[in-house]
Amino acid sequence: MKIPFHVPVYDDTDAAALAQSIASGSLVGDGPATRRVTAALARDLGVRHALLTPSCTHALELAMMTLDLEPGDDVIVPSFTFVSSTNAILRRGARVVFADVDPATLTLTADEVRARITPRTRAIMPVVYAGVSPDIDPIRALAASRSIVVIEDAAQGIAARYRGRPAGTTGHMGCFSFHETKNFSTGEGGAFVTNDDAFIQRAEIMREKGTNRKQFMLGLVDKYTWVDVGSSFLPPDSMAALLESQMAKRERIQARRQAIFERYSDAFAPLARDGRLALPVIPPYAASNHHIYHVLMQDEPTRNRALAFFREREIGTTFHYLPLHLSPMGRALGHAEGDFPVTESASGRLLRLPIYPSLTEAEQERVIGAMKEFFP
Ligand SMILES: Cc1ncc(COP(=O)(O)O)c(C=O)c1O
């Protein structure tokens, strides 16, 4: 029997939440479920402001819109990330300044940022990888001394922590994903968070087609009108209803993921000791949300053989992030092989294994057994 690479957690309580949302007679954005889940999210994350968005991609675009970036502005971002991070920058006409990552956590480092900061740097976009936050404090310190804005791409960061604080909340703005591949899924979905009153005021207007509708809803103005450039970044209220139901399962989902993660790491520890592979690293400053389980093989041919080996055994595994600087877009931006060696090496060696709550003990055994068989 095939072991899928990913299976989302949808159950009867989710179906009931969606049915109830439809029965309410209205699914437009910012309805009652959106208000409830947004308040809960802000409380859980300890932030002053949160907005639901149709995806993390939209949240990143919204964050970039609030900055009024101009051609000539630079944004520093790791090459080891998803295309949404860099699209959000390019769509504002700003320049993507790629950086390399830490070989252990595969996240942006202060040293990499320091080497790339110039007077043109307007923003830095650290990315949470696999549920492990970058070491943000030194990055923030570099940014603060130069009035640079830090936007965290925490698409993979919900329920993770950095030095006790929720990941995604330690910069000026943070963006989360509830895509079906994430720990909590609404199919597509996202959130934008900030503690900054000026950023939220602009984001609320831009999210509502450039109007002051939010102020109208609060009774602060008697008519709403066009006040700024904007778009429509509101998800339907049904997405919020599903998110509420998903978050209610938080303890169970997180506990299952952690158990599988630890089981894999225990089982593969001897292979790591023998230098056959490297286990995922969670530094002391971080608490992971165990979003991804990945190992790093010795080299790319070995990783590719492992992908084929698991495929033959009907076990879903995959690679992660082809370096953006080597994509056709990255090359068009002037990059070439060798520009970011850690990213290139990790991308070639990385193998992701199935990790989700419904993965049974027997299935975990099969994954572990296959890995041991691969390294006889
Ligand atoms: C780092 C990163 N940023 C952004 C995204 C985009 O998220 P969404 O699918 O919610 O737009 C992803 C998706 O996996 C991601 O890994």
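Both counts, for ligands and for their atoms, begin at 1 and track the order of listing. Bear in mind that the values here come from a model prediction, so they are computed numbers and not experimental data.
- For the pair R202 (side chain) and D228 (backbone), a donor-acceptor distance under 3.5 Å is absent.
- Annotation: atom 12 (C) of ligand 1 to nearest protein heavy atom, F82 CD2, 3.5 Å.
- Each of L351, V367, L353 was evaluated against Y293; a single residue qualifies, L353, per the side chain to side chain contact (heavy atoms under 4.5 Å, CB included) test.
- When each atom of ligand 1 is checked for a heavy atom of S55 under 4.0 Å away, the hits are 10 (O), 11 (O).
- At least one heavy atom of Y321 lies less than 4.0 angstrom from ligand 1.
- Neither side chain, D74 nor T121, offers a donor N or O lying under 3.5 Å from an acceptor on the other.
- If you check each of E180, H179, K182, Q156 against atom 13 (C) of ligand 1, the one with the closest non-hydrogen atom is K182.
- Panel note: side chain R303, backbone L350; a donor-acceptor pair is recorded below 3.5 Å.
- Of the N and O atoms on the side chains of T13 and D11, at least one donor lies less than 3.5 Å from an acceptor on the other residue.
- The distance between the ring centers of F178 and F184 does not fall below 6.0 angstrom.
- Atoms of ligand 1 found under 4.0 Å from any heavy atom of T81 (numbered from 1 in listed order, with element): 1 (C).
- Judged by distance alone, the side chains of H294 and Y129 never bring a donor and an acceptor atom under 3.5 Å apart.
- The protein heavy-atom contact nearest to atom 3 (N) of ligand 1 is D153 OD2, 2.7 Å.
- The atoms of ligand 1 that sit less than 4.0 Å from any heavy atom of A155 are 2 (C), 3 (N), 4 (C), 5 (C), 12 (C), 15 (C).
- For atom 7 (O) of ligand 1, the nearest non-hydrogen atom of the protein is C56 CB, 3.3 Å.
- When each atom of ligand 1 is checked for a heavy atom of T57 under 4.0 Å away, the hits are 6 (C), 8 (P), 11 (O).
- The shortest N or O to N or O distance between E188 and ligand 1 is not below 3.5 Å.
- Between H172 and F199, the two ring planes are perpendicular [angle over 60°; tilted spans 30° to 60°].
- Within the structure, the closest approach of G189 to ligand 1 falls below 4.0 Å when heavy atoms are considered.
- In terms of N/O distances under 3.5 Å, ligand 1 is approached by S177.
- Atoms of ligand 1 found under 4.0 Å from any heavy atom of V127 (numbered from 1 in listed order, with element): 1 (C).
- Checked by atom type, the side-chain pair T186/Q246 shows no donor-acceptor distance below 3.5 Å.
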